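In what follows, a single structure is set out as structure tokens and then discussed.
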Amino acid sequence: MLKVTIIVKLKEGVDDPEGKTIKHSLELLNFEGIKEVKVAKLYEVYLDLPLEDGKKEVEEMIKKLFVNPIIHDYEVRVEEI
Amino acid sequence: MLKVTIIVKLKEGVDDPEGKTIKHSLELLNFEGIKEVKVAKLYEVYLDLPLEDGKKEVEEMIKKLFVNPIIHDYEVRVEEI
Amino acid sequence: MRAKEIAPKVYEIDILNASDEELKEINESMGLALSLEEMKKLQKFFISLGRNPTDIEIHAIAQGWSEHCSYKSSKPVLRKYIFGIPSKHALIVMQDDAGVVEFNDEYAYVFKIESHNHPSAVEPYGGAATGVGGIIRDILNMGAKPIALVDPLFFGPPDYPYENLNPGIKHPLYLMQGVIAGIRDYGNRVGIPTIAGITYFHEDFVNNILVNAGCLGIVRKDKIVRSVVSKAGLKFVLMGGRTGRDGIHGVNFASKILTEKSEEERQAVQLGNPIIKEPLIHAILEANDAGIIKGMKDLGGGGLGSVIGEMCHAGGVGAEVHLDKVLLKERNMAPWEIWVSESQERMLLAIEEKDIEKIREICEKWDIEMSVIGQSVEGSYLDIYWYGEHIVHLPLEFVTAGVEYERPYKIKKIEKMQEIPKEPNYRNVLLSLLSSYNIGSKEWIIRQYDHEVQGRTVLKPLQGIINYETHGDAAIIKPLKDSWKGLAITTAANPQIGKIDAYKGALYTVDEAIRNLVAVGARPHSFSDGLNFGNPEREEIMGEFHESCRGLGDAARFLGIPYVSGNVSFYNEAFGRNIPPTPVLMAVGIIDDIRKAVSADFKKDGNSIYIVGETREEMGGSEYYKLIGAKSTLAPEVNLEELKGRMEEILKAMNKNLITSCHDISHGGLAVALAEMSIGGNIGVEIDLSSMGFMRADFKLFSESPTRWVCEVKRGKEEEFERIVKARRIGAVEGENLKVRDGNRWLFNIHTNILRGSWRNALRNYLG
Amino acid sequence: MRVAILQIEGTNCEEESYTAFKELGQEVEYLHLNLLKKGKRNLEDYDILFIPGGFSAGDYVRAGAIFAARLKAIAMRALKDFVDEGKIIIGVCNGFQVLIELGLLPAVDGISEKPEAALMTNDSNRFECRWTYLKKENESIFTRDVPNIISLPVAHAEGKFVTEKKTLERVIENKQIAFKYVKPDGSRADYPWNPNGSMEDIAALTNPEGNVLGIMPHPERAFFPYQHPDWNRKERERGDGFWIFKSMISK
Ligand SMILES: Nc1ncnc2c1ncn2[C@@H]1O[C@H](COP(=O)(O)OP(=O)(O)O)[C@@H](O)[C@H]1O
Ligand SMILES: [Mg+2]
């Protein structure tokens with residue numbers, strides 16, 4: 001079994017309204033010293049495939065679904081469990 | 001400066017409509033061997049605080065804003081950068 | 001507890017020989033939420049059968065007897081006051097899951113309001129979403145297309161100190177944001193506009209929030225489906241979501257007091273999935289159009305158990321169910337869990353065998369799962385099988401008829417008193433009221449809900465010049481393309497008046513609902529009542545319940561407007577505190593021609609301003625007294641004759657197109673009503689209060705006396721208006737400022753931009 | 001003309017859209033993606049493909065992403081042919097998001113393999129249901145009968161058009177901007193007139209050839225005059241959205 005972790009972030013320089021809103025909410029709650037908040041999505045996909053096939057499939061998934069390259073960067077990790 | 005990474009996941013046993021929908025969609029796209037898809041959120045909070053204060057503040061933030069213990073599990077990492 | 005396994009995951013429970021102590025233990029360990037009396041009744045029944053029950057039999061009965069399913073504390077009171085108000089239009093009243101009322105010759109509208117309080121307190125996002133999902137199903141299962149949602153919400157104050165929160169209680173802001181996100185994400189995703197609601201903040205709701213949700217649908221009369229199976233041989237088709245362990249004992253949870261431990265009751269919180277619901281709606285409506293649904297009910301509180309039991313019992317047939325045919329989310333579920341699970345997004349249809357293929361085809365097109373799990377049979381028994389083993393054999397009557405109590409009650413005595421404060425700084429009071437969270441703009445919420453989807457919303461919840469809008473009193477939906485007839489929808493509640501006097505609070509609530517409908521030009525037509533109360537085992541709470549119901553009944557009966565559906569939520573108690581009596585109305589009015597609808601924003605320079613109705617010095621429960629910290633137990637008094645009179649007059653004047661804007665006077669009184677109308681029209685008014693007679697100006701401006709409206713009347717039509725409506729002229733539209741004097745004495749003069757600024761900041765201060 | 005209104009789970013503005021075409025006397029039908037997939041219907045049998053608003057597949061992952069991926073897997077070939085033949089495709093709101101994800105828009109150099117732009121989370125970080133004013137920027141088959149300034153409602157959480165600088169330049173150069181958000185007097189919009197923070201206040205785009213339109217505001221919700229919030233202040237013969245539908249079908 002493979003556990004695939006995909007983290008999809010906004011590219012550097014792309015506005016992050018959700019991060020900004022959270023920063024603001026934290027400030028309204030009187031938290032101090034907050035410089036920045038960023039938000040990303042994390043997907044865990046569990047695959048019943050051999051490692052090599054899995055890796056290939058994951059590349060495809062990312063391209064077809066998880067990421068829009070205009071605004072997103074991503075990290076991916078595939079591990080056998 | 002501190003970089004705080006908080007990952008908020010749904011607890012085991014809590015329904016995850018988003019994960020389910022994504023799994024189903026991947027299957028419709030003819031991807032194979034998918035056992036499960038889970039979705040989590042990843043927050044990065046940058047704090048201008050000493051480590052100890054930062055850690056305490058983060059605990060509070062998690063309690064007040066990021067996590068509902070009824071349905072969420074979370075991981076948190078605080079590092080100096 | 002003595003139990004022996006008689007089939008896989010099915011146990012026979014020894015109750016025949018159980019002592020009282022053991023009965024209590026059985027109740028406790030099985031999570032039945034029954035009283036000892038009820039346990040004994042159960043025991044007696046099985047003694048008469050001469051056998052022990054299976055665990056699933058006990059669960060099935062406990063479910064049927066829960067407060068939520070059987071209304072055991074409320075039924076007798078409801079029967080006395082709420083039920084049976086005669087009406088020509090009401091077609092199905094308080095029988096099925098939602099009320100059905102005639103719209104025109106061909107169509108009927110269907111609606112209901114319901115509570116989802118405890119689950120939302122524990123998990124605001126999922127709880128609220130599930131509440132919306134549940135109420136939509138109630139409408140859908142009458143065969144109707146859901147076309148509008150409403151969401152009355154009650155929270156603790158947004159600025160409540162964290163330190164003061166009881167253990168396990170979440171902060172009002174956290175709860176509110178979660179609840180609103182849950183309603184937004186669910187309602188928007190299924191494509192039903194959320195067009196009205198209440199967002200009310202008060203300390204009384206810190207420990208126990210209220211999340212009510214209402215839905216309205218439209219159906220051709222010949223397509224109405226009943227929640228009844230009246231013929232043997234019909235197949236039970238379970239479609240939509242799968243059955244899981246989520247939501248087991250939700251109904252019991254709803255009938256318990258919230259405690260610190262409630263956090264652990266996660267299993268009782270169901271989770272809705274709008275992406276199953278949306279196609280499910282399409283599929284059900286398609287099947288209904290094809291005429292193949294012979295009976296239908298959604299799976300809400302109580303799960304399969306209450307659905308099959310109630311449908312068959314109502315139709316006088318028996319039921320045969322094969323639980324191993326139910327599609328499951330997780331393996332290893334015991335039959336009793338399957339029977340009581342409240343997993344969301346499921347519908348049960350009764351279908352002729354020959355139509356099974358057709359329904360399969362429809363489900364396939366919409367990517368929905370279904371399975372045939374049993375059928376109706378001759379007789380009056382419920383028989384359940386599990387991989388061939390016969391595990392339940394009970395008379396339906398015993399399972400579904402439930403129990404009823406005449407609970408003792410005590411009506412509280414009210415000492416009348418009213419402090420008279422120093423005269424205030426009028427400008428400051430008005431601006432403070434406008435920026436207070438109960439009066440200020442709810443735009444932050446309203447715009448997160450798609451209130452336009454389906455293209456039927458012809459009078460929006462926000463009214464006025466684009467991007468200058470103010471609050472409207474009711475929204476109007478135009479349900480049919482080929483008819484100008486419209487449905488006005490509003491919600492009303494007033495817990496603070498109810499807290500002083502439950503009877504008067506209820507009258508006031510009806511008054512406010514009527515005011516809101518009349519303000520947009522609609523004739524009040526029918527009500528759904530959502531009754532939120534504390535713990536009915538306390539006499540004074542039962543007293544409040546009686547008084548509220550009496551008030552609701554008296555008012556509606558006098559006006560000839562029926563309650564066609566409703567919901568009771570008891571046990572809104574936490575940490576020894578009960579919520580104030582909070583009956584919430586979802587009210588529907590009819591407007592024959594939506595082109596005559598009237599909005600709340602001032603329209604035009606030179607038009608005259610009138611106040612309709614009597615202003616009195618009754619400041620109990622008012623926002624003004626709360627602001628300045630003055631006390632009063634003089635609750636506003638509704639005169640039903642006056643209400644009826646003014647209502648007819650205003651509707652008549654509107655029908656003659658004399659009125660260009662209208663707003664009811666509610667929270668914050670006359671001053672706030674005028675300010676809101678100015679804000680939406682981006683135009684000022686000059687007002688002289690002297691025609692209102694001799695009274696302190698702060699009472700004139702901030703009293704919340706019922707049965708009052710502000711009307712803007714077309715220039716030149718004043719005489720005609722005055723002939724029809726009993727009203728006093730108090731000024732005219734002009735300039736950019738709200739200018740108010742009492743005779744020769746100027747009280748304030750404030751620019752509309754400043755009014756708008758204060759008003760819009762109310763929630764923004766907390767939410768950004 | 002034969003119009004197909006595409007559906008999957010979560011699309012939910014199809015009825016209004018259906019009504020609009022029907023009122024204009026067109027031959028219109030709902031087309032569930034599953035019917036395309038099973039070969040029960042073919043795209044080539046239609047003249048107009050309408051991708052309605054809503055929350056296809058819950059808008060999970062990213063608005064429109066799942067719908068686009070599935071559509072691509074099932075019918076990309078047919079879609080290309082459809083566009084190349086000069087037939088009309090219009091995506092409203094969620095439909096616009098789908099067209100961007102598919103690479104059918106902005107398509108500055110023809111249909112692109114990867115998305116060339118994104119409709120991302122509104123600057124306010126909130127779902128925004130409000131009315132906007134739009135100014136017609138360029139003429140196309142979608143705008144020929146449309147008055148210079150119209151008002152239409154938006155209802156979305158992800159509508160902020162973003163792309164790379166050079167793509168934006170090409171979009172402008174190619175005269176692909178169909179509508180911009182403006183203030184009521186036609187001047188440059190700021191929030192809330194531009195409800196999402198879209199680059200260049202872009203509310204609607206066409207492809208360079210002008211036969212594919214993506215638009216965030218909902219013309220189908222302003223087809224009739226009384227759907228406008230200001231019907232009691234301003235008389236209209238037709239709703240402003242009517243003219244977009246009218247343009248599409250006039251020969
Ligand atoms: N939670 C909510 N959801 C939808 N609409 C809401 C909500 N809360 C308030 N509103 C809307 O805001 C407006 C003002 O509400 P409220 O102040 O309770 O009305 P009133 O002026 O009748 O007292 C109404 O149009 C109401 O429907
Ligand atoms: Mg009102």
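Please read these numbers as outputs of a predicted model, since none were measured by experiment. Atom set for the values below is all heavy atoms of this structure, side chains included, hydrogens, waters and symmetry mates excluded. Quick note on labels: first sequence line is chain A, next is B, and so on, each numbered from 1.
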Task: Residue A:Ile71 versus chain D: region with a heavy atom under 4.5 Å - done: side chain

Open item on the list: For A:Val14, which atoms come within 4.5 Å of any heavy atom of chain D: side chain, backbone, both, or neither?
Closed with: side chain

Task: Per-residue contact mode, D:Lys160 against chain A (heavy atom under 4.5 angstrom) - done: side chain

Quick check on the interface: out of [options], who has the most heavy-atom pairs with chain A under 4.5 Å?
options                                : value
D:Ala118, D:Ala68, D:Ala69             : D:Ala118
D:Ser124, D:Ala117, D:Ala65            : D:Ala117
D:Arg126, D:Glu164, D:Lys114, D:Glu116 : D:Glu116

Open item on the list: For D:Asn125, is there any backbone N or O sitting under 3.5 Å from a side-chain donor or acceptor partner on D:Thr121?
Closed with: no

Task: Pairwise side chain to side chain donor-acceptor pair (under 3.5 Å) hits with a residue in residues 93-107 of chain D, at least two apart - done: A:Asn68-D:Glu101, D:Ser56-D:Asn94, D:Asp59-D:Asn94, D:Arg62-D:Glu101, D:Asn94-D:Gln97

- [ ] Mind telling me whether D:Phe161 and D:Phe96 have parallel, tilted or perpendicular rings, with 30° and 60° as the class edges?
- [x] parallel

Task: Parallel, tilted or perpendicular, as decided by the 30° and 60° cut-offs, for the rings of D:Phe127 and D:Phe55 - done: parallel

- [ ] Mind ranking A:His72, A:Glu18, A:Lys63, A:Lys64 by heavy-atom pairs under 4.5 Å with chain D and telling me who comes out on top?
- [x] A:Glu18

- [ ] For residues 20-35 of chain A, pull every pair meeting salt bridge (Lys or Arg N to Asp or Glu O under 4.0 Å), keeping only residues two or more places apart or in separate chains.
- [x] A:Asp15-A:Lys20, A:Lys23-A:Glu27

Open item on the list: Between A:Tyr74 and A:Phe66, is the ring centroid distance below 6.0 Å?
Closed with: no

